[in-house]
Amino acid sequence: DATKVHGSVASKTRFPTLKELYSSYLGTATPNPNLEKEESVNYEVGVERPLPWKSYAGLSVFYSDVKNLIVSTDVGGLDFYDNIGKSRFQGFEVSLKTEALPGNTLEAHYTYLDAENRSDNRTSDYIEEAPEHQIYFSDLYRLNDQLSLFAKLQYNAGQWDTKTVAGGDDEWVKLGGYWIFDLKAIIEIQKALVAEVGVQNILDENYETSYGFPREGRTFFVGLRGVF
């Protein structure tokens with residue numbers, strides 16, 4: 001197999017949801033009926049190269065200009081969806097996929113993201129919910145035709161958020177990095193019906209993606225999904 005090179009330019013529009021426009025989320029948010037649609041132009045160039053032992057390596061570079069980016073902010077202790085007039089996202093991703101081990105599909109990814117608020121009225125260049133570094137490992141192990149195990153380990157770091165300080169002003173703070181380990185069993189009951197049972201955040205990592213709001217600890221789940 002030969003090396004594959006790809007490139008794309010795409011224009012995308014995201015309209016705000018009815019919840020983002022009008023819902024108070026049971027008293028935890030302030031509606032914003034003036035929320036505008038988000039528009040972006042996205043560029044990507046990448047290369048993928050086959051390796052020995054049923055393996056592939058890839059590298060992609062991306063760049064996006066976004067107008068009216070929809071973000072969740074904090075106003076008076078309540079969530080508030082707002083627009084960032086101009087923003088820019090750029091970075092790269094390195095990936096590796098292999099089926100060298102019988103029955104296993106192993107993947108590893110590293111993504112670097114440089115996100116910048118470019119609005120004229122900005123108080124900072126930072127953008128919330130945009131981690132600078134992401135590392136991802138996963139393994140799909142097929143025990144037989146009906147049962148598989150899926151394990152995922154993910155690391156996020158370099159994310160910024162705001163906190164309210166004395167006088168009601170906002171101050172930007174850098175959130176701590178964290179590892180999350182998930183595991184689930186996938187049972188194919190029929191071709192169109194799949195059951196899943198597993199644990200998210202097995203190590204019970206104490207982490208946050210918004211300042212002052214810890215995320216869920218160890219969580220068990222069971223689910224059914226249709227496959228069509």
Side-chain angles (χ1 to χ4, degrees), residues 28 44 46 48 51 53-62 64 69-74 79 87 89-117 124-143 147-164 170-187 194-223 225:
T28 63
E44 181 175 331
E48 184 179 275
L51 301 174
W53 304 299
K54 297 182 179 179
S55 303
Y56 296 86
L59 171 66
S60 59
V61 179
F62 56 86
S64 297
L69 176 70
I70 297 174
V71 296
S72 175
T73 62
D74 180 87
D79 290 336
S87 55
F89 298 83
Q90 63 182 8
F92 65 88
E93 180 178 26
V94 180
S95 59
L96 176 66
K97 181 178 180 179
T98 180
E99 297 180 0
L101 297 177
N104 290 265
T105 300
L106 293 155
E107 292 191 34
H109 303 263
Y110 168 73
T111 303
Y112 170 77
L113 174 64
D114 176 24
E116 181 182 1
N117 184 342
S124 169
D125 291 342
Y126 298 125
I127 293 179
E128 298 166 318
E129 301 181 354
E132 185 177 11
H133 304 283
Q134 288 185 303
I135 301 173
Y136 173 93
F137 300 100
S138 70
D139 181 24
L140 177 63
Y141 177 53
R142 292 167 296 280
L143 284 82
L147 179 61
S148 300
L149 295 177
F150 181 75
K152 180 180 70 174
L153 180 64
Q154 187 165 338
Y155 175 73
N156 289 269
Q159 185 168 326
W160 292 83
D161 199 14
T162 56
K163 71 172 182 179
T164 303
D170 286 337
E171 178 180 277
W172 285 91
V173 292
K174 192 173 185 178
L175 304 180
Y178 57 88
W179 289 94
I180 298 297
F181 179 42
D182 301 334
L183 178 66
K184 67 180 179 181
I186 305 169
I187 305 123
V194 176
E196 295 184 350
V197 56
V199 188
Q200 295 177 325
N201 193 6
I202 291 177
L203 302 179
D204 202 24
E205 177 82 358
N206 183 16
Y207 72 104
E208 56 186 3
T209 55
S210 296
Y211 180 82
F213 294 91
R215 294 299 302 269
E216 302 86 351
R218 186 182 299 112
T219 306
F220 299 87
F221 69 91
V222 178
R225 59 184 174 89

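Note that the structure is predicted; figures quoted are calculated from it, not measured. By convention here, the first residue in the shown sequence is residue 1.
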Fill in: Close side-chain approach of F221 and V197, heavy atoms under 4.5 Å
no
Item to complete: Write down the atom of G217, the atom of D204, and the distance for their closest heavy-atom approach.
Response: CA-OD1, 3.2 Å
Practice prompt. Kindly give the heavy-atom pair with the smallest separation between S95 and H109, and that separation in Å.
Written response: CB-ND1, 3.2 Å
Worksheet entry | Minimum heavy-atom distance between P131 and Q159, given as atom pair plus value | CD-OE1, 3.6 Å
Worksheet entry | Check: S87 main-chain N/O paired with N117 side-chain donor or acceptor under 3.5 Å | no
Worksheet item: Is any side-chain heavy atom of K152 closer than 4.5 Å to a side-chain heavy atom of Y136?
Response: yes
Discussion item. Any non-hydrogen side-chain atom of Y211 less than 4.5 Å from a side-chain atom of T162?
Written reply: no
Item to complete: With the side chain counted from C-beta on, respond yes when K97 and T105 share a heavy-atom pair under 4.5 Å apart, and no when they do not.
Response: yes
Worksheet entry | Side chains of D114 and Q90, donor plus acceptor under 3.5 Å | yes
Worksheet entry | Worked check of side-chain contact (heavy atoms from CB on, under 4.5 Å) between F150 and S138 | CA-CA 7 Å; F150 181 75; S138 70; 3.8 Å; yes
Worksheet item: Between Y112 and H133, how do the two ring planes meet: parallel, tilted or perpendicular, split at 30° and 60°?
Response: tilted
Worksheet entry | Minimum heavy-atom distance G158-K174, with the two atoms named | CA-CE, 3.7 Å
Fill in: Lys/Arg N to Asp/Glu carboxylate O, R215 vs E208, below 4.0 Å
no
Discussion item. Under the criterion side-chain contact (heavy atoms from CB on, under 4.5 Å), I'd like the reasoning laid out for R218 against V199: C-alpha separation, chi angles, the key distance, then a yes or no.
Written reply: CA-CA 7 Å; R218 186 182 299 112; V199 188; 3.6 Å; yes
Worksheet item: Given the rule in the side-chain contact (heavy atoms from CB on, under 4.5 Å) test, do L140 and I186 qualify, once you have shown the distances and angles that lead to the verdict?
Response: CA-CA 10 Å; L140 177 63; I186 305 169; 4.2 Å; yes
Worksheet item: Are L113 and E132 close enough, and set up right, to give a side-chain contact (heavy atoms from CB on, under 4.5 Å), and what steps lead you there?
Response: CA-CA 5 Å; L113 174 64; E132 185 177 11; 5.8 Å; no
Worksheet item: So do F92 and Y110 actually touch side chain to side chain, heavy atoms under 4.5 Å?
Response: yes
Discussion item. What I'd like to find out is whether the side chain of Y155 reaches to under 4.5 Å of the side chain of I180, using heavy atoms alone.
Written reply: no
Worksheet item: Roughly how far, to the nearest 0.5 Å, is the OH atom of Y207 from the OH atom of Y178?
Response: 6.0 Å
Discussion item. Minimum heavy-atom separation for W53 and S55, please, with both atom names.
Written reply: O-OG, 3.0 Å
Worksheet item: Is there a side-chain contact between E99 and N104 (heavy atoms, below 4.5 Å)?
Response: no
Worksheet entry | Nearest non-hydrogen partners of S210 and L175, listed with the distance | N-CD1, 4.1 Å
Worksheet item: Do the side chain of N201 and the main chain of E216 share a donor and acceptor less than 3.5 angstrom apart?
Response: yes
Worksheet item: What do you reckon, is CG of N206 surrounded by more than 12 foreign heavy atoms closer than 6.0 Å?
Response: no
Worksheet, complete the sentence: Taken to the nearest 0.5 Å, the spacing of T219 OG1 from D182 CG works out to 9.0 Å
Worksheet item: Does a side-chain heavy-atom distance below 4.5 Å link L96 with L51?
Response: yes
